[in-house]
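Data block below; observations after.
One-based numbering, in listed order, for ligands and for the atoms of each. Note that the structure is a prediction, hence the values are computed from the model and not measured. Residue numbers start at 1 and run along the sequence shown.
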Amino acid sequence: MTETSAPTLHGQHFDAIIIGAGMSGLAAGIRLAHFGKRVLLLERHSLAGGLNSYYTRGKRRFDTGLHALTNYVPPGTKGTPLAKLLRQLRIPHEALALAPQLGSAIHFAEHRIRFTNDFSVLESEIARTFPKQIDAFRRLDRFIRDFHETALNAQPSSAREAVATHILDKRLVDTLFLPLSYYGSARENDMDLPQFAVMWKSIFHEGFARPLDGVYRIIRLLLDKYREAGGMRKMHCGVHRLHVEKNNAPENKKGHVAAIELDTGEMLTADHVFSCAGYAETLRLCSDQAADAGRENIGALSFCETITVLGKQPRSDFGWGETIIFFCDSEHLHYAAPRQDELVDPRSGVICIPNNYDYADGRQLEEGWLRVTALASHAAWHALDAPARATAKHIWHERLTLIARAHLPPVNNTSFTSSIRECDMFTPLTIERFTRRLNGAIYGAPRKCRDGSTQLANLHLCGTDQGFLGIVGAMLSGISIANLHGLKT
Ligand SMILES: Cc1cc2nc3c(=O)[nH]c(=O)nc-3n(C[C@H](O)[C@H](O)[C@H](O)COP(=O)(O)OP(=O)(O)OC[C@H]3O[C@@H](n4cnc5c(N)ncnc54)[C@H](O)[C@@H]3O)c2cc1C
């Protein structure tokens with residue numbers, strides 16, 4: 001069954017209950033259900049996907065996240081994260097219908113560096129723009145190639161310090177950190193070294209791709225797989241409280257989740273509880289924890305994003321050929337939460353044009369899309385009342401669009417504005433509202449919990465706060481933690 005049709009879940013026991021139908025929860029659910037476990041997936045929102053979902057307005061479907069699926073490799077490539085995850089979920093590569101990117105760029109101050117899904121393009125661009133640093137860049141690449149970033153016991157350390165032992169040019173260091181931070185760092189102005197290595201490989205060695213119908217295809221595929229494997233799910237159904245009992249046995253001092261209370265008041269039990277809700281968010285559900293538990297490890301980084309739907313094709317009508325542009329208009333990269341009184345930090349960001357993928361048979365998105373992402377302050381957006389927020393959205397939509405257009409080939413203003421069909425914008429408050437992430441923290445807690453274990457023997461973290469990020473990362477996280485804690489015995 002897709003959604004459980006049971007009139008009440010009260011009193012039922014499951015092998016595993018999963019909190020959250022984001023990418024990691026869906027992947028963990030499929031894995032457990034494949035092995036015959038009785039699994040229930042609980043999601044507070046009406047749609048699956050979490051941080052990477054979609055919504056519809058009229059006939060138009062908007063992706064909430066997806067700029068690009070990272071880690072792209074063509075069908076038949078073995079041993080990479082995407083290949084492993086598809087094998088574990090028993091999904092054929094072709095089912096994702098992934099189209100590779102046309103090509104992306106990093107715009108850092110005066111530098112323009114192109115990269116594609118072929119690493120040699122980036123290498124030759126670095127040789128062109130930073131000729132004195134190319135040997136250092138190659139040494140850094142060799143170091144990353146040999147690095148075992150996915151080990152569940154990998155220790156956090158500073159990527160900036162590690163990179164500085166190879167590359168002396170600070171501008172090149174910032175240039176390399178720009179895309180990797182924006183697509184996967186929960187740490188301000190630095191990255192954990194294992195996470196830096198994950199992102200280096202997933203963006204520079206592997207690359208970007210997207211299905212023509214966006215994240216919807218990925219979510220449908222995961223939901224179908226889960227249903228076929230016998231998994232149950234209940235939407236609009238939040239977990240309200242995890243009731244904890246302490247163990248007295250000396251060999252196992254950890255307590256355990258004895259009952260799961262839903263928003264509806266129903267009580268369930270499970271051998272294992274997997275939570276994708278986040279580190280502090282999960283602790284705060286536990287009856288043995290204070291209401292502000294985990295406050296020392298809450299992410300501060302959040303984004304806003306403008307979405308502009310155009311009646312023109314970006315590439316053929318405007319000459320905008322790049323898939324993604326990471327830009328930084330200041331001398332240094334400031335990847336940190338804006339000050340509390342600053343709504344948005346427009347000095348750097350990401351421009352994404354989802355039309356610019358090599359879709360099969362020359363197919364194309366019917367409309368043009370321009371998405372612009374920048375760092376935003378949760379506190380500053382939170383301080384505004386509803387009318388002020390609406391005005392601020394309008395102002396920042398215009399401002400970020402102008403900034404983005406300065407990085408794209410020039411287009412006559414009237415021609416651009418007259419082609420706009422619809423605009424939307426999300427802020428840190430939108431992320432918080434639809435995913436319950438504290439601060440709308442896009443990549444969750446700065447300190448990750450690699451092995452997914454918690455203070456309770458049968459409560460396990462997966463997804464963003466376990467430490468594997470992005471769509472592919474979150475799914476791998478769900479698989480790894482389900483394998484480690486739910487299928488080992
Ligand atoms: C704007 C944006 C753009 C992005 N772009 C990309 C991209 O282009 N490529 C890429 O790879 N990644 C991208 N990401 C990152 C990617 O979306 C995330 O890393 C990944 O989806 C995280 O998945 P998750 O399972 O860890 O968590 P989540 O997606 O946060 O899932 C957690 C789920 O738990 C639910 N939940 C929380 N509390 C409860 C509760 N008490 N009871 C029941 N349910 C609960 C939430 O509603 C949510 O559905 C983007 C993210 C955002 C926000």
Side-chain angles (χ1 to χ4, degrees), residues 17-29 40-53 62-72 81-82 101 179 182-184 186 198-199 202-203 208-210 214-215 218-219 222 233-242 260-263 273-282 284-285 301-307 323-324 350 352 354 371-374 376 425-428 430-438 440-445 448 461-478 481:
I17 282 183
I18 300 173
I19 306 174
M23 295 291 169
S24 60
L26 288 166
L40 176 66
L41 193 50
L42 297 166
E43 169 58 55
R44 189 169 261 142
H45 191 32
S46 55
L47 289 172
L51 283 162
N52 229 309
S53 191
F62 292 75
D63 283 347
T64 55
L66 188 72
H67 284 182
L69 184 127
T70 57
N71 298 89
Y72 173 74
L82 182 61
Q101 65 164 323
Y182 262 97
Y183 271 11
V198 165
M199 299 314 296
S202 64
I203 295 178
F208 298 145
R210 182 184 188 277
V215 78
I218 302 172
I219 294 171
L222 295 174
R233 76 183 157 102
K234 186 137 178 147
M235 310 301 283
H236 285 299
C237 184
V239 171
H240 174 67
R241 200 99 183 113
L242 299 174
I260 297 107
E261 181 182 345
L262 307 185
D263 288 345
V273 178
F274 294 86
S275 175
C276 323
Y279 168 75
E281 294 84 346
T282 302
R284 291 173 189 196
L285 291 174
L301 289 160
S302 194
F303 292 163
C304 65
E305 183 166 282
T306 64
I307 303 169
T323 310
I324 293 166
V350 188
C352 171
R371 310 174 69 112
V372 188
T373 311
M425 177 168 179
F426 70 73
T427 74
T430 326
I431 299 173
E432 184 180 55
R433 180 166 159 224
F434 288 106
T435 66
R436 303 292 170 125
R437 296 259 164 212
L438 294 166
I442 195 104
Y443 297 126
K448 301 301 183 189
L461 287 183
C462 60
T464 301
D465 284 350
Q466 178 270 330
F468 298 160
L469 298 173
I471 300 172
V472 169
M475 287 195 265
L476 278 173
S477 168
I481 298 302

TODO: Test Arg437 against Glu432 for side-chain contact (heavy atoms from CB on, under 4.5 Å), laying out the working first.
DONE: CA-CA 5 Å; Arg437 296 259 164 212; Glu432 184 180 55; 5.7 Å; no
Expected rows: ligand 1 N/O, protein N/O, dist below 3.5 Å:
residue: ligand 1; atom: 8 (O); partner: His67; partner atom: N; Å: 2.6
residue: ligand 1; atom: 8 (O); partner: Ala68; partner atom: N; Å: 3.0
residue: ligand 1; atom: 8 (O); partner: Ala68; partner atom: O; Å: 3.2
residue: ligand 1; atom: 9 (N); partner: Ala68; partner atom: O; Å: 2.7
residue: ligand 1; atom: 11 (O); partner: Ile471; partner atom: N; Å: 2.7
residue: ligand 1; atom: 17 (O); partner: Asn52; partner atom: ND2; Å: 2.7
residue: ligand 1; atom: 19 (O); partner: Gly470; partner atom: N; Å: 2.9
residue: ligand 1; atom: 25 (O); partner: Met23; partner atom: N; Å: 3.4
residue: ligand 1; atom: 25 (O); partner: Ser24; partner atom: N; Å: 3.0
residue: ligand 1; atom: 25 (O); partner: Ser24; partner atom: OG; Å: 2.6
residue: ligand 1; atom: 26 (O); partner: Thr464; partner atom: N; Å: 2.7
residue: ligand 1; atom: 26 (O); partner: Thr464; partner atom: OG1; Å: 2.8
residue: ligand 1; atom: 27 (O); partner: Arg437; partner atom: NH2; Å: 3.0
residue: ligand 1; atom: 29 (O); partner: Leu51; partner atom: N; Å: 2.7
residue: ligand 1; atom: 30 (O); partner: Arg437; partner atom: NE; Å: 3.2
residue: ligand 1; atom: 30 (O); partner: Arg437; partner atom: NH2; Å: 2.8
residue: ligand 1; atom: 41 (N); partner: Arg44; partner atom: NH1; Å: 3.3
residue: ligand 1; atom: 41 (N); partner: Val239; partner atom: O; Å: 3.1
residue: ligand 1; atom: 42 (N); partner: Val239; partner atom: N; Å: 2.9
residue: ligand 1; atom: 44 (N); partner: Arg44; partner atom: N; Å: 3.3
residue: ligand 1; atom: 47 (O); partner: Glu43; partner atom: OE2; Å: 2.6
residue: ligand 1; atom: 49 (O); partner: Glu43; partner atom: OE1; Å: 2.6
residue: ligand 1; atom: 49 (O); partner: Glu43; partner atom: OE2; Å: 3.3

Task: Worked check of side-chain contact (heavy atoms from CB on, under 4.5 Å) between Phe274 and Ile17 - done: CA-CA 6 Å; Phe274 294 86; Ile17 282 183; over 6 Å; no
TODO: Verify whether the ring centers belonging to Phe208 and Tyr183 lie closer than 6.0 Å.
DONE: yes
TODO: Verify the distance criterion only: is there a donor paired with an acceptor across the side chains of Thr373 and His67 at less than 3.5 Å?
DONE: yes
Task: Gap separating the CG atom of Asp63 from the CZ atom of Arg371, nearest 0.5 angstrom - done: 6.0 Å
- [ ] Please tell me if the side chains of Ile307 and Glu305 come closer than 4.5 Å, counting only heavy atoms from C-beta onward.
- [x] yes
